[in-house]
Structure formats: C-alpha cells, structure tokens
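Below is one structure; the comments refer to it alone.
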2 protein chains.
Amino acid sequence: MTVSIEDVAARAGVSTATVSRALRGLPNVSELTRERVRDAARALDYVVSPSASSLATGRTSTVGVVVPYVGRWFFGQVISGAETALRQSGFDLLLYTVGAEESRRRFFEELPVRRRVDAVLVLSLPLTDAEVAAIAGLRLPTAMVGASVPGFSSVRIDDVGGASKAVNHLINLGHQRIAMIHGAGIEPAQFTAPEDRRRGYLSALASAGLDYDSSLQVDGGFTLAGGERAMASLLSSKHPPTAVFAQSDEMAFGALRAIRRAGLRCPEDVSVVGFDDHEMAEMLDLTTVAQPVTEQGVLAVGHILAELRGEAAPSDDLVPTHVVIRGTTAPPTAKPMRARVPARSVARSAGSSSAG
Amino acid sequence: MTVSIEDVAARAGVSTATVSRALRGLPNVSELTRERVRDAARALDYVVSPSASSLATGRTSTVGVVVPYVGRWFFGQVISGAETALRQSGFDLLLYTVGAEESRRRFFEELPVRRRVDAVLVLSLPLTDAEVAAIAGLRLPTAMVGASVPGFSSVRIDDVGGASKAVNHLINLGHQRIAMIHGAGIEPAQFTAPEDRRRGYLSALASAGLDYDSSLQVDGGFTLAGGERAMASLLSSKHPPTAVFAQSDEMAFGALRAIRRAGLRCPEDVSVVGFDDHEMAEMLDLTTVAQPVTEQGVLAVGHILAELRGEAAPSDDLVPTHVVIRGTTAPPTAKPMRARVPARSVARSAGSSSAG
DNA sequence: ATGAAAGCGCTAACAA
DNA sequence: TTGTTAGCGCTTTCAT
C-alpha cells in the first residue's frame with residue numbers, strides 16, 4: 001500500500017541508508033547512485049514518512065505558531081510571511097489560536113506543542129510571567145513578534161520613531177496644537193506600544209519647540225468607541241486641537257466619526273493621523289503610520305531557524321515604519337474654531353514629509 | 001533527558017503496553033493500575049511522543065487546513081471554529097496558505113500534506129479540476145467550506161435564501177425598483193455564489209410580483225471599486241433604483257461611497273443591503289446578510305471526523321443566513337431623487353485614489 | 001487484566 | 001562511497 005524506503009532501496013538496488021542519504025542531499029553519495037535513487041523514488045511516488053523521520057532524528061520540522069486571533073489583516077500577513085519562510089526551509093506550521101480565555105489557559109497549561117515542534121513563534125501576545133515561564137520551560141527556540149521578553153528573540157516595530165514621524169508630519173503641515181488619543185496601559189507590561197508611541201509624540205513636539213499640554217492627551221482605550229469618545233471630549237474643550245495623533249487606526253476611525261458627528265470636517269477642521277495602516281485605513285482615506293508586516297513574520301522565522309542551527313543566540317529586531325499620507329491630514333485653516341492666531345504659510349508639501 | 005513510556009512503566013511497576021492502554025483510556029485496565037500509571041506519568045511529566053505514536057498507528061492526529069489567505073475576518077473565524085473542534089478531538093491543525101499563485105501551484109504539485117495529515121479541510125478555495133484530482137488522489141477524508149465538489153463533504157451557506165431574504169427586506173420596506181450589483185462569473189465553476197445570489201434576488205422579485213428589469217443588474221466584480229462604479233452607473237441612469245442589493249459587503253461599501261459622492265444620502269435617497277456581514281459592516285452601519293461563520297468550521301470538522309471514524313460518507317451542509325438590519329435601509333421616500341452637485345469633490349486631497 | 005515481543009519507517013553510528 | 005545494524009518510542013497482536 002504505502003511505499004517505504006525499503007521499496008525504493010530495492011528498486012534502486014542499494015541499501016536504505018543510501019536512499020536516505022541520497023534523497024536528503026547528503027554528501028558521500030555518488031551522483032550516479034543519487035540519480036538512480038531519485039528515479040526509483042519518483043517512479044514509486046515515494047514520500048518520506050515524517051513520523052518515522054522525526055522519531056529517528058528527534059526533530060519534527062515543525063514550528064508552532066501561537067496567535068491570539070487569525071482573522072485580522074495584521075496577523076494574517078505575519079503568518080503568511082512566517083509560513084513562506086518556514087516552508088522554504090522545509091518546516092511546517094502548526095497553528096494555535098489562543099484568543100479565547102479558555103483556549104489560552106489550556107494552551108499554557110497543557111503546552112500541546114511539547115514534543116510536536118522544534119521551535120515556537122508567539123505573535124502579538126503579551127504574556128504574563130507565568131506564561132513566559134511555561135514557554136521558557138519548553139527549552140525551545142522561541143521568537144516573539146510585537147513584544148520583547150528577555151531570553152527570547154523578538155521582532156518589533158519602532159513605535160517611538162513611528163509616532164514621532166506621524167507627529168512630525170502634522171508639524172510640517174503647520175499644526176501647533178496636536179492632541180494624542182492614546183491607549184492607556186491596560187495590558188500586561190510587555191505591551192510597550194502605548195508608552196513608546198507617547199514618547200515619540202512628546203519628542204516630536206519637543207524638538208519642534210512646541211508646548212506640551214497635558215489636556216491634549218486623552219485615553220481612547222484602543223477601541224473605536226473609545227477613540228470616538230476621546231475625540232468628542234477634545235472637540236468640546238475650550239481650546240481644541242487642530243490635529244490629532246491617534247495611537248491606533250481603530251481609535252482614529254472613532255475620531256473621524258466624532259468629527260463628523262460634531263458637524264466638523266476632516267481634514268478641513270481637524271487633521272487626523274492614525275497608526276497601523278489597518279485594512280480599512282485606505283478605504284477611509286486615513287493618513288497613518290504603516291509597518292512592514294509580512295517582513296516581521298519572515299524576520300521572526302529567521303531568528304528561530306538560526307537558533308535551531310545553533311548559529312545565533314536570541315536577538316531583537318526593531319523594524320522601521322513609514323507614514324502613509326492620505327486624505328485626513330492637511331494644513332490647519334485659519335478658521336474661527338481656533339482661539340489662537342495660527343502661524344500660517346507653511347508650505348503644504350505633502351510628499352516631502354513622507355518618511356521613507 | 002526525555003522521559004519515555006518505559007520510564008513510566010518502570011515507575012508504575014507495569015509493562016509499557018499497560019501504560020499505553022491506561023493512558024489512552026482503553027478498557028481492560030483495572031482502575032487501580034490506571035491510577036498508578038497516571039500518577040507515574042504525572043510525576044515524571046510524561047508526554048506521549050506524537051511521532052512514535054504516529055509511526056505505530058499510521059495516524060497523525062493532524063488535519064491540514066488549506067486556505068487562500070489568513071488575514072480576513074471570515075477565514076479567521078472559520079479557522080478558529082475548526083481549530084476548536086479539532087483540538088477538542090485531540091487533533092492538531094497544520095496550516096497551508098496558498099493565496100499566492102506560486103504557493104498554490106507548489107501545494108498542489110508537491111502535496112506536502114501527504115503522510116502528514118489524516119484529513120484535509122479546504123476553505124473557500126474554488127479548485128480547478130486538476131486540483132480536485134490532486135486532492136482526491138490523497139484518498140483522505142476531505143471537506144470543503146464555501147464550495148461543493150462531488151465526492152467531498154462540504155459546508156456552504158444558503159446563498160439563494162440569503163439573497164432573497166435581503167431583497168425581501170427591501171420589498172417589505174416598500175421598495176419596488178431594486179437593483180443588484182453582482183459579481184460576474186470570473187472564478188472557477190464551483191464558485192456558485194454569484195449565480196445563487198442572483199437566483200435569490202430574482203425569486204424574491206418574482207414572488208412579490210415585481211417587474212424584472214435587466215438594466216438594474218450591474219457588475220461590480222466583487223470589489224469595492226467595482227461596486228462604486230456600478231452604483232455610479234445606476235445613479236446616472238434615467239430611471240435609478242430606490243434600493244440596491246449588493247452581492248457582497250465590499251461592493252456595498254463602494255456603493256455607499258458612490259452615493260455619497262453623488263451628493264445623495266443613504267438610506268434617505270437610496271437603500272443599500274450587502275452580503276457577508278464583513279467586519280466593517282457594523283462600523284459603516286450597513287444592513288447586510290450575515291452567515292454563521294465559526295459554525296462552518298465546526299461543521300466541516302464534524303464531517304471529516306465522522307469520515308475518519310468511518311461513520312459517514314461525504315455529505316453536504318447548507319447553513320442558513322439572516323439579515324442584519326442596520327442603518328442603510330429604510331422605506332423609499334416619496335420625493336423624486338435627484339443628484340446634487342458634490343460639494344467637496346475638489347477638496348479631496350491627493351493620495352486618496354484608493355478606489356483605483 | 002497484564003506482559004512479551006514484533007513491528008511502524010526512518011536515521012545514524014560504525015564497518016567495510 | 002556504500003552497507004549493516006541498532007535504535008527512536010510507541011501500539012498491537014498474541015499469550016498468559
């Protein structure tokens with residue numbers, strides 16, 4: 001029924017060891033023999049049994065990918081990148097979605113990856129200490145995307161740089177009162193994005209010599225509804241901003257809605273820039289900070305493969321971001337909505353401020 | 001280093017055969033012995049080696065899931081459903097994304113699932129005849145979601161019913177001139193959604209005694225841009241519809257944009273209903289046809305597990321849909337609709353040609 | 001109810 | 001360069 005290595009060996013007139021060597025491209029096999037073996041294998045439609053091979057080598061040629069949720073553009077892209085890179089190196093991808101509380105608990109409790117994978121990839125999942133300990137206990141090469149944990153390789157975006165690029169874009173347009181809708185530190189400690197993006201925001205303001213006004217920082221909780229509320233409160237303040245930097249596109253979407261509902265227009269009355277380049281950002285014509293996504297999966301895989309080969313110790317990657325300029329940002333207008341006299345006549349130059 | 005079944009056997013004072021039986025819950029093991037074995041296993045932190053087990057049984061306890069693309073809400077949900085169901089039955093999920101032409105070709109050429117999985121799940125991937133033949137050649141239980149192929153189990157939504165429910169909703173609101181933006185048959189034959197949804201549309205019109213007007217059927221190519229063009233052309237016709245049924249939410253989004261750009265309003269001037277309940281539908285307040293998504297993954301898994309147990313032959317499921325009423329549908333207004341001049345068409349800034 | 005032993009299909013020393 | 005052989009860790013007859 002199933003053709004085994006013995007069948008191939010018999011047909012090629014060699015031993016099974018030779019077949020194994022020949023098919024895996026090991027040296028010390030004459031080209032003639034290798035051809036013979038290949039022909040036999042092809043003729044018999046032979047496929048190596050991964051279980052047998054794993055059992056013999058102790059390797060599984062499989063990487064476990066742990067992800068909170070699959071159906072979001074971002075994760076999909078990262079997974080695609082990872083899969084391509086893995087497949088290229090002959091690895092399979094075992095998927096674990098642990099978004100639901102229950103499944104997450106079970107995953108870290110039972111660790112179903114044990115004995116099943118050679119390495120682990122954790123995507124955008126800030127881990128608790130106990131969870132980190134569980135993963136560490138596996139003693140497998142592990143890489144994380146979107147979070148950094150000592151001892152594991154990691155791939156993250158440059159949140160600080162991205163945020164300051166976004167804010168610089170607004171500054172270059174001539175804005176001076178620039179608010180920020182942030183997501184407060186609701187998540188575990190490793191989720192450094194809110195803090196990093198805040199730092200980027202502050203440093204951009206500082207290096208432009210702009211005042212820092214704490215009343216211009218509002219919490220949007222990283223949700224659309226939160227962003228809407230935050231924007232509404234900003235608009236109703238006595239001295240509203242002319243531009244807003246939202247720490248996520250979702251919050252920016254909410255902000256757009258709030259602006260519309262307040263009877264104002266974007267970008268004529270208020271400019272908005274988001275962060276993420278969410279799938280819908282293009283559709284809603286949102287200026288935002290984009291990150292290379294697929295690449296992060298590829299990089300993470302690079303890390304674990306290197307570790308697997310014993311070539312490298314855990315290391316961190318910080319990937320750059322760039323501002324995608326769309327229709328929600330424009331120079332401030334000298335409208336009565338603003339109480340202060342705007343400093344005008346800064347060249348529009350949308351393209352020039354694009355950070356590559 | 002790694003603890004094996006022998007270690008457990010030694011510690012429990014039984015044979016390896018007994019350990020195997022005890023741990024797998026087989027009968028013919030005294031409760032006392034079973035407890036002893038369980039304790040030993042727990043104490044040693046024993047985990048069965050899947051490779052060894054696979055090699056011995058010929059089963060992999062793994063299911064291959066083939067999907068064109070991971071990062072879309074729909075696929076994510078289906079995968080989640082499938083994974084939960086699989087995990088519950090002790091199966092792992094091996095992921096294959098074949099969206100890219102290249103990866104798709106390689107998948108069906110090399111069939112990397114051979115010897116690796118016990119069954120295959122194909123999600124929303126209309127297969128060519130050659131691809132069907134390749135999968136069939138695996139001789140593995142196979143289920144498809146979103147397409148039906150003779151010989152394989154399948155799970156699909158009731159496209160005909162869904163479409164007619166959507167159109168009935170419009171009819172119940174009082175609409176009489178109801179257009180349809182469809183996606184023509186660009187895909188392989190198995191992609192029956194366009195045709196089925198058209199049938200639902202027609203049957204709803206027919207049973208309401210409404211006239212059928214072929215000029216009210218426009219192609220939107222299943223894209224946002226196409227939907228926008230289609231809607232624009234409908235609006236510019238001499239006798240525009242008061243309501244539109246779009247065969248997909250994406251096309252509906254485009255339609256909404258066209259309406260806005262024409263200076264009209266939805267639902268005051270035109271009602272729009274979509275199909276899919278896309279992630280963004282709620283955000284854009286789109287009335288649409290929703291389908292149970294996670295459930296389709298669960299059902300598909302049910303099929304293959306049943307086949308795996310030899311309990312069932314391939315069979316088909318048709319899952320129901322329901323209309324989600326939101327803000328884009330309303331009764332037609334009495335006053336004749338006329339397009340106003342778009343006030344802001346010039347004000348739009350560069351880089352916004354997302355509708356390309 | 002339990003044990004002994006023969007594989008499952010491959011890889012990796014070790015020999016030749 | 002190639003062959004021999006001993007595992008890898010489990011399951012499954014077949015005995016007992």
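Each chain gets a letter, A, B and so on, in the order the sequences are listed, and its residues count up from 1. In this text the structure is predicted, and so the values were computed from the model without any measurement.
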Quick note, side-chain hydrogen bond (donor to acceptor under 3.5 Å, both in side chains) partners involving residues 20-29 of chain B, not counting sequence neighbours, are B/Ser20-B/Arg24
Bounded by its outermost nucleotides with an atom under 4.0 Å from a heavy atom of chain A, the footprint on DNA chain C reads C/dG9 to C/dA13
So the salt bridge (charged side-chain N to carboxylate O under 4.0 Å, His left out) pairs with at least one residue in residues 61-74 of chain A (sequence neighbours excluded) are none
Here the side-chain hydrogen bond (donor to acceptor under 3.5 Å, both in side chains) pairs for residues 47-61 of chain B, sequence neighbours left out, are B/Thr60-B/Asp118
**OP:** Answer yes or no: does a side-chain N or O of A/Ser15 lie under 4.0 Å from OP1 or OP2 of D/dT4?
**Re:** no
Residues 299-311 of chain B vs salt bridge (charged side-chain N to carboxylate O under 4.0 Å, His left out), sequence neighbours excluded, gives B/Arg309-B/Glu311
Ranking A/Thr2 and B/Thr18 by the position along DNA chain C of their nearest nucleotide, the one closer to 5' is B/Thr18
When rounded to whole Å, the CZ to P distance for the pair A/Arg116 and D/dC10 reads 13 Å
Compare all side-chain heavy atoms of A/Ile79 with those of A/Leu93 and state whether any distance is below 4.5 angstrom. yes
| Quick one: does B/Leu127's side chain get under 4.5 Å of B/Arg104's, heavy atoms only? | yes
_Whether the side chain of A/Arg34 engages the backbone of A/Leu26 through a donor-acceptor N/O pair (distance < 3.5 Å, no angle test) should be reported._
yes
Here the salt bridge (charged side-chain N to carboxylate O under 4.0 Å, His left out) pairs for residues 4-20 of chain B, sequence neighbours left out, are none
Student check: side-chain heavy atoms of B/Val63 and B/Val117 closer than 4.5 Å = no
Would you mind classifying the nucleic acid contact of B/Val19 as base, sugar-phosphate or nothing, using non-hydrogen atoms under 4.0 angstrom?
nothing
Note: contacts of residues 24-34 of chain A with DNA chain C (heavy atom, under 4.0 Å) are A/Arg24
Sequence neighbours excluded, the answer for salt bridge (charged side-chain N to carboxylate O under 4.0 Å, His left out) partners of B/Asp92 is A/Arg116, B/Arg87
Those residues at least two apart in sequence (or on a different chain) that pass side-chain hydrogen bond (donor to acceptor under 3.5 Å, both in side chains) with A/Arg139 are none
Under 3.5 Å between N/O atoms: give me all the protein pairs with nucleotides 6-8 of chain D, atom names plus distance.
from	atom 1	to	atom 2	distance (Å)
D/dC8	O2	A/Ala56	N	3.4

So ring pair (Phe, Tyr, Trp, His ring centres under 6.0 Å) across residues 53-100 of chain B, not counting sequence neighbours, yields B/Tyr96-B/Phe107
On a heavy-atom basis, the closest approach of A/Ser103 and A/Thr97 is OG-O, 3.7 Å
Give each protein N/O atom lying under 3.5 Å from an N/O atom of nucleotides 13-16 of chain D, with the pair distance.
none

